[in-house]
*Asks:* 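Before anything else, here's the structure in question.
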Amino acid sequence: MKIDRRSFLSLGIGAAAGTALTPIPWKMMDDSAIWTQNWWLTPVPAGGEVTYKTTACTLCPGGCGLRIRMVENRAIKVEGLEKHPVNDGGICPIGLSGIQLLYGGTRVKMPLKKVNGKFVKISWKDAISEIALKLKVLRDKGDAYKLSCLTGSDKDVTSLLLKRFINTIGSNNFFANTTISDSYEFVIKKVHNIEGSMSFDLENSDFILSFGSGIIDGFVSPLKMIRAHSRIKEQGGKIVQIEPRLSNTAAKADKWIPVNPGSEGMLALGLLHVIVKEKLYKSNIVSDNTSNFEKFRRLIIPNTTLNKAAETTGIDSKTIEKLGRGFANARKPVAIFGRGKGDSPIGFGEAGLVYILNYLTGNINKKGGLFITDNKKYINWPEIVKDEITNAGLDKSRMDGAGAGSFEDTKYITSRLADLMESKDQKSISALFIYNENPCYTLSDSKKINKAIEAVPLVVSFSSYLDETTAKADYILPNHTNLERLQDVPSVPSGITGGLVSLSKPVVKPMYDTKNTGDVIISLAKAMGGNIAESFAWSSFETCLKSTFKDQWNALDKDGFWFNPGKSTRQCPDLDFSKLLDINLSSIQPQGSKSKFPLVLIPKETMRISSGYIADPPFAVKVIPDTVLKNNDQVVEINPETAKKYGLHDTKYAILTTPFGEVKVKIHTYNGIMEGVIAMSKGLGHIGYDKFINGKGENFNRLIGPVEDPDSGLDIAWGIRAKLTRA
Amino acid sequence: MLPFSFEWVWDAGHIVFMGGLWYSLSILGMGMTYCVIKTIIDINSNDQTENDHH
Amino acid sequence: MSKQEDKVKEISSGNLPDDEKNEAIGFGIIFFIIGIAASLIFGWIVFPKLLYSQKKQPVDFNHKLHMEFVDDGCESCHFFREDGSYSGVPKLAQCIDCHEEVQGEDPEEERFVEEYVAKGKEVPWLIYSKQPDCVFFSHAAHVKKGGMECKTCHGPIGESTTLRVYEENRVTGLSRDIWGKNISGLNKNTWDSMKMGDCADCHMEETGRKSSVQTEKDGCLVCHK
Amino acid sequence: MKKEHNHMKNKKFGMCIDLDKCTGCGSCMVACMSENNVPFREDETDKRKSITWITVYKITNNRPFPDTEVCYMPRPCMHCEGHDGHSPCVSVCPATATDYDMATGIVSQIYTRCFGCRYCMGACPYHARYFNWWDPVWPAEMEKYLSPDVSPRMRGVVEKCNFCYSRYQRALDKAYCEGRSDIEEDEYQTACTQGCPAGAITFGDLNNKSHAVYKLKKSPNAFRLLERLGTNPKVYYLSSKEWVRKAGDNYIKGENPKNIKKSHH
Amino acid sequence: MDSALIPKGVKRCPLPIFILGIVIIGIVLLWGVYAMILCWLKGLNQTNMNDYYGFALWIWADLAIIALGGGAFFTGLLRYIFGLDELKNIINYAVLIGFICYSSALLILAIDVGQPLRSWFIFWHANVHSMLTEVAFCLSCYFSVLAIEYIPLVLENRQIDKIPFFHHLGHNMHKVMAVFAATGAFLSCFHQGSLGGVAGVLYGRPFAYREGLLVWPWTFFLFTWSAAACGPCFTILITKITEFITGKKLVKDNVIDLLAKISGWMLGSYIIAKIIDTIYWATVTAPSLGFNLMDFYKDNSFYGIWILIVEIAVCGILPAVILLVPKFRQNKLLLYTAIILASIGVCLNRWVMVLQVMAAPVMSFDTWALYIPSWQEIATTILPVAYGIILIMISFRYLPIFPQEKELNSIE
């Protein structure tokens, strides 16, 4: 027998034929397909019991109630809490993405200390004792007042604990981010001389005159506003939107009236002229409760007022007259003010006049009108325990000049922080605590802040994320994130007329070695000893919170929020028109020379981009349209006619220059914007965080500088003069 | 493909379509089988003349 | 190339004498048959052994014994949650209810208490009937609405006294129970395999739904996610 | 088994989106991503490669300043019924990976069956179908937030909105365990409906007279996208603006939309 | 060196030159293979396709080469079924070109799908209503037919032919070739058509949608017809190119003329049908869906009405006239012009029916989608060209492809 090639051939053919009759080829074909369905590149989420946990959102001031879907101990999805007065089940893109802030790669995972320009790990104990030591030295030197603190809000317990802490140390220099709410409080204080704020009952109004307020673009309490907007649509209320650009709010409004940027106050004046001249106001209101109305009347009644208003605003006088009559004759009119999201205050000139506009229609504290809300704090802690240093420090006036002299009614002039940080004299900050705020990104002229903060010897950040400011800190004492921490969420009044507090509760165990800032402050106070420790007698932040809320705690713990619809409205007091007699509207003109910078740059704000201290998480970034961000390029909007005038083309590059800097941008021509105006989205251009967030677009705040309102001192920078040149 | 597959439905579409397919495949298959068998027979009949046919 | 020509000649049988050629053909047939036989043996016997890896359960478990102690049958441990979802394999917390301390004399139980209960560690059970991630299987629909018995799909596991070896398909990572023990895919019992066809056949028979436009069977999303 | 349950009346799930209320905030898109384990990448600005099952289109009346008007239009999968369930995409899929279910009116997409030929994407005039050009990657610890109710898709397959079918499944399970064989309107709502802050989206059974969508679809302001093509979609839009309603379809110059007979089903 | 393998009585270039040629083309081939492997390992993100452009360069290349490869089935049909015996002198080459085109098409399809390991689902889980299923089935079946038709040619290699088994096999296959050819023609008619159906059934895409007959839209028939018309032109074109490169006359003029004439008739009748189809579509189908003809050609920088004019007039009517008028046809320059135009025409038609369909917006607020292929797509599209050239080189060198070569090029 000879085994030759033929034998092998036969063997091979036989084997092949036989194999076809075995499961091998068929099973392998099937299995290889199943393999592609289960391969390692596609994760398989673990199953388990589904539960829901109630909490509240802290990512913006809106104060939405949240319901978190859990699978075992993992948070799966953020949903809106039904029946919550703010959002009733709805939720915004940023709130939804909170889950990515929890599990994402931008977290600060442990306390860090900067050594030779680099962050190194430090234990909580060491960090606290080191900081306490530095503060002691500061106190001993008599520089206690140089400890400053900047927070995102001055309403929540943690921020107020921080305020209490620096007060106890001996400093008045507490700062909070200023927003439109500060303007509201300022106006109420100024014209009525009471502590209070404003709230607009939009959903019950039949004529809403909005001075650029982004009702559906994230105004103050975004979801409350959007829900109100839907009610308005159902009930047939009219919305008139006044702003230079066809924002989403303008697009949904019944009428969009484009106005020259910054001239909203003049329009209010024009409308007042019409209403006063034609006696369309509620006469009883003027006679009963007001002083100096006649002077005011005489001031605005000349026809020149209307002409000037028409000229400045670019709206013809007929339209102003019609609008004035329409507004005054509506059954339940309300005029809302604060541009865009209301992230920045506006000048008293404009704010005061719009308030008068409301006042004269008699809508104060009426259904569908403007409510004056009580600003009374819900916090009743024992007085701080003071020692000599404390007393000496608290006797000093604030470094920024707020609360005294011409700015008597102003709480903080936060825009002066950069100067105070850089300054070498007595008025300088030697230690800065930063909580829920990212000044190196959010403050106007952020370039300057970034430089100035380096001059501060001790910067402590409590941020959960490696944001721009935190990257510059000397110590990072990371807070738990949104879904890990206990925190009260006081509502902002602008949309809610009643008293409302929500509670943010931990839904997952802290992922990393982070601590609730409230607890950190208490520990720090204890480490300081003496009167400071005595002032912070709570054993933990939780006990502090419980004792703060007392009776409300049960509701907070059980329902996630405490709501009393009737509470917190104030009587409408007399109005003193004298405060409005020397109103200065010229300050609202954008900075920069018109000849050098022929265009005006205004910010564009939308629900999809978070422009506050929280950066847009990946989900939210994903829904930014490509007409706002294309690859990593910022896109700016201009009118096609303007584009033609400057030789610019859609989708092509251009250089955008303002007195504060220049950036390379892409052009998007859009009919919904006035000629001569450029709109650029706010909230992009982060350099902190990770690659899913940073390096995208440009930071709007880098291109503008602070503009102080002569009346309030608040930074009212909104737009700025700019030019666009072909790149 | 076969009536054993999940998607199979006894309707005109499947029968005509798959019928056409199987018909074609069987012609090709039978044709090739015929050629191979014929070839084996041809070799075994050892018809040398055919080798020189070209 | 002459070398090549040689090769060609060698292969060509035309030059061989008749009987040699017949012998060669005979050999050819024998080798052909050997080829078939070898591949059949390999394919039907060796291949399944190679395809599946054998894994032992972390702890042995006696279903039969446990059944004697519980009131609600399978649902005592494999229960439905309030939201209608199915708990599947019990968590350690459930076992601890009884096995806080060692109950009997089984060394496996002792090991379980020592290694898992004491340390609070979940037991990494290997689930025989685990379907791939793309499958949505509603126990509620089958048990609560359809009134089916566990046995129909899971077989008489409740009567077992020990946990059999878990076999895992090396290519797909799935349990062998999905395809079924029999490599040919032929079944005797309803629980012999858990492939899509098995589900579909039963759905056809039991529900008679023909709502799918393409397959005239149940809709795809009824079982897929 | 209980055959009587099986003759449950066919449902036809559909949506009505009130464009007057829609603010273009984008919550629906994110709610959907979060519900359905939709992955994301570093650069998502190429919208033609970015997976968003529901996409909010911004449409304009194309008139110059200041007569410009803008409307936002959220576009989930339309779950076209076409003619007898032969929606544009279903009939073209060569591997039966996508199917129309007469019992729910939902067009399914089975990712593990799809082999990525993308014919369905070409067939869909709404661009409601998305291809996984990349392997899905969740950075850091983000895999932790993935929902077990929806299986993540591997690269190379097509995916799309399925009206959050997993929520339907969960609702049914609960009903079964409570001894009911069917669910109430509010027990099954899609993630976008639930998340929409404006309450612009209404979801329900278009066949069920007691459901809100049943009434809404009959509004004189209601229209559907590309009705003239005969796709027979199950997503209705409501707009009080005529130009918006007109933008829902294509018309030859001079044609009056009111006179066009649209294939009605 | 390899003279023993070269058919008797013909002259081939020296082996080193041949190898050099293979190496040069081989480098291009390897470049394509590299791109192909990238696509398989990393996925289709290697391409510039997107969700609007789900079908792109590859599918166009597929449709185009299949249309061009249509010469094989149509010549086969004429030769074996209608008995046009002269065509035996070109049928081998037509089959070879067809084989290359179809194997390339299958290869491209294997790269084009997102999950190649599951591509067999199209067979096992077939949806018989899908045109793509029809394409896949007929394409793969017809590819087997082409392989069956190509095998006897391979078996005719001098050395292989010496083996009795192969010798007899080749002989036997020749004998039943008509059966295979007939099956092939049947399959080919269907899949050429179903490729046309792929676009024509898309009722969500008014640019592509066509009414039709039974289950098939008109494009089904137009595609088959155009492939039958233009395929032989491509066969002639490649033959002429081969003749030019080898510097030899390989096929007699009367054969070419016959094929050209038949092509002319096919092309002429096709273009009339195409014009009728276009008019009906432009005046009845599209307007009923709310579109004017010009809506499909506006608001973008590439797809203008020129494309329709070039396709129908320049690449349709013109070559048809040339091929139909004997005087023109027999003028070499005009003949070359006609076959080139016809080949371009069918490619352009496939381009329009694949890419413009994807590019044209349907929703009133949507925009045109234009795309530029990535280098990986280009490389993998060139890959089959390189592969085809190599296969032609090898086949031409070692197989008796052109029966008339010996006669036309006697060597002393």
Side-chain angles (χ1 to χ4, degrees), chain A residues 36-37 39 41-48 71 74-80 87 89-93 96-97 99-100 103-105 216 222-223 226-227 229-230 233 246 248 251-252 256 258 511 607-608 618-626 629-632 639 671-675 691-692, chain D residues 18 20-21 23-27 29-31 33-35 37 40 42-47 50 52 56 58 60 62-72 111-112 135-148 150-156 170 191 194-200:
Chain A
T36 66
Q37 298 166 352
W39 67 17
L41 293 163
T42 315
V44 178
V71 170
R74 299 181 296 130
I76 298 297
K77 193 181 169 223
V78 178
E79 290 173 359
N87 57 325
I91 177 104
C92 85
L96 269 158
S97 316
I99 207 128
Q100 296 187 316
Y103 292 122
I216 56 170
L223 263 65
I226 288 178
R227 289 206 303 130
H229 180 263
S230 290
K233 292 281 164 189
L246 185 74
N248 290 356
K252 288 283 148 192
W256 166 47
M511 303 256 302
M607 289 292 292
R608 301 187 194 181
F619 269 160
V621 170
K622 185 166 175 165
V623 298
I624 298 176
D626 55 2
L629 182 73
K630 184 68 197 172
N631 298 117
N632 288 332
N639 189 289
N671 281 317
I673 188 165
M674 287 178 85
E675 281 187 45
K691 63 177 182 176
F692 293 95
Chain D
D18 188 338
D20 292 339
K21 286 184 185 170
T23 68
C25 72
S27 280
M29 294 197 255
V30 180
M33 289 175 203
S34 188
E35 179 76 29
N37 296 339
F40 59 89
E42 202 178 313
D43 182 357
E44 289 276 2
T45 60
D46 185 349
K47 297 300 173 192
S50 179
T52 39
V56 178
K58 182 179 183 176
T60 86
N62 281 322
R63 299 193 47 198
F65 177 88
D67 300 322
T68 318
E69 288 189 36
V70 159
C71 181
Y72 287 91
Y111 321 117
T112 45
D135 282 300
V137 178
W138 282 272
E141 310 213 27
M142 288 202 197
E143 276 186 19
K144 283 200 172 124
Y145 74 62
L146 295 183
S147 160
V150 181
S151 81
R153 284 69 64 184
M154 62 296 296
R155 78 157 184 241
R170 278 208 170 266
Q194 185 195 42
C196 177

*Asks:* Return the minimal non-hydrogen interatomic distance between D/Thr52 and A/Lys622, and the atom names on each side.
*Replies:* CG2-CE, 4.0 Å
*Asks:* Please give me the minimum heavy-atom distance between A/Gly104 and D/Met142, naming the atom from each residue.
*Replies:* CA-CE, 3.3 Å
*Asks:* Heavy-atom distance under 4.5 Å to chain A: side chain of D/Asp135, backbone, both or neither?
*Replies:* side chain
*Asks:* Is the side chain of D/Thr68 donor-acceptor paired with the backbone N or O of A/Asn671 at a distance under 3.5 Å, no angle test?
*Replies:* yes
*Asks:* Kindly write out the residues that satisfy ring pair (Phe, Tyr, Trp, His ring centres under 6.0 Å) with A/Phe692, not counting sequence neighbours, or none if the list is empty.
*Replies:* D/Phe40
*Asks:* Quick one: what part of D/Glu143 sits under 4.5 Å from any heavy atom of chain A, side chain, backbone, both or neither?
*Replies:* both
*Asks:* For A/Glu79, is it the side chain, the backbone, both or neither that has a heavy atom under 4.5 Å from a heavy atom of chain D?
*Replies:* side chain
*Asks:* Give the member of A/Cys92, A/Pro222, A/Gly48 that has the highest number of heavy-atom pairs under 4.5 Å with chain D.
*Replies:* A/Cys92
*Asks:* Within the 4.5 Å heavy-atom criterion, are D/Ser34 and A/Val78 side-chain neighbours or not?
*Replies:* no
*Asks:* At their closest point, which heavy atom of D/Met33 faces which heavy atom of A/Val623, and how far apart are they?
*Replies:* CE-CG1, 3.4 Å
*Asks:* Which region of A/Pro43, side chain (C-beta onward) or backbone (N, CA, C, O), has a non-hydrogen atom less than 4.5 Å from a non-hydrogen atom of chain D, or is it both or neither?
*Replies:* both
*Asks:* Where on D/Cys196 is there a heavy atom nearer than 4.5 Å to chain A: the side chain, the backbone, both, or neither?
*Replies:* backbone
*Asks:* Going by the rule ring pair (Phe, Tyr, Trp, His ring centres under 6.0 Å), which residues pair with A/Tyr103 if we only count those two or more places apart in sequence or in a different chain?
*Replies:* none
*Asks:* Under a 4.5 Å heavy-atom cutoff, which of A/Ser97, A/Gly80, A/Pro618 has the most pairs with chain D?
*Replies:* A/Pro618
*Asks:* Work out which heavy atom in D/Pro148 is nearest to a heavy atom in A/Ile76; give both atom names and the distance.
*Replies:* CD-CD1, 4.4 Å
*Asks:* In terms of heavy-atom pairs under 4.5 Å with chain D, which of A/Gly90, A/Gly105, A/Ala75, A/Pro93 leads?
*Replies:* A/Pro93
*Asks:* Can you tell which part of A/Pro625 gets under 4.5 Å to a heavy atom of chain D, answering side chain, backbone, both or neither?
*Replies:* backbone
*Asks:* For chain A, find which of D/Met29, D/Arg153, D/Lys144 contributes the most heavy-atom pairs closer than 4.5 angstrom.
*Replies:* D/Lys144
*Asks:* With chain A as the partner, which of D/Glu69, D/Lys58, D/Glu35 has the greatest number of non-hydrogen pairs under 4.5 Å?
*Replies:* D/Glu35
*Asks:* Are the side chains of A/Lys252 and D/Cys71 in contact, using a 4.5 Å heavy-atom criterion?
*Replies:* yes
*Asks:* Heavy atoms, side chains only, cut-off 4.5 Å: are A/Arg608 and D/Val56 in contact?
*Replies:* yes
*Asks:* Please examine the side chains of D/Pro152 and A/Pro45, heavy atoms only from C-beta on, and report whether any two atoms are closer than 4.5 Å.
*Replies:* yes
*Asks:* Could you look at D/Thr112 and say if it's the side chain, the backbone, both or neither that has a heavy atom under 4.5 Å from chain A?
*Replies:* both
*Asks:* For the atom pair CG (D/Asp20) and NE2 (A/His229), what is the distance rounded to the nearest 0.5 Å?
*Replies:* 9.0 Å
*Asks:* So, does D/Lys47 use its side chain to make a donor-acceptor pair with the main chain of A/Ile624 at under 3.5 Å?
*Replies:* yes
*Asks:* Can you confirm whether D/Asp18 sits close enough to A/Lys233 that some side-chain heavy atom of one is under 4.5 Å from a side-chain heavy atom of the other?
*Replies:* no
*Asks:* Taking all non-hydrogen atoms of both residues into account, name the closest pair between D/Ser27 and A/Leu96 and its distance.
*Replies:* O-CD1, 3.5 Å
*Asks:* What heavy-atom pair brings A/Asn639 and D/Phe65 nearest, and what distance separates the two atoms?
*Replies:* ND2-CB, 3.4 Å
*Asks:* Check whether A/Leu246 gets within reach of chain D through its side chain, its backbone, both or neither, counting any heavy atom under 4.5 Å.
*Replies:* side chain
*Asks:* Pick one of side chain, backbone, both or neither for A/Met511, based on which atoms fall under 4.5 Å of a heavy atom in chain D.
*Replies:* side chain
*Asks:* For A/Asn631, does its backbone N or O pair with a side-chain atom of D/Thr45 as donor and acceptor, under 3.5 Å?
*Replies:* yes
*Asks:* Measure D/Arg63 against the heavy atoms of chain A and call it side chain, backbone, both or neither at under 4.5 Å.
*Replies:* backbone
*Asks:* Let me confirm one number: the CZ-OG1 distance from D/Arg155 to A/Thr42, rounded to the nearest 0.5 Å.
*Replies:* 9.0 Å
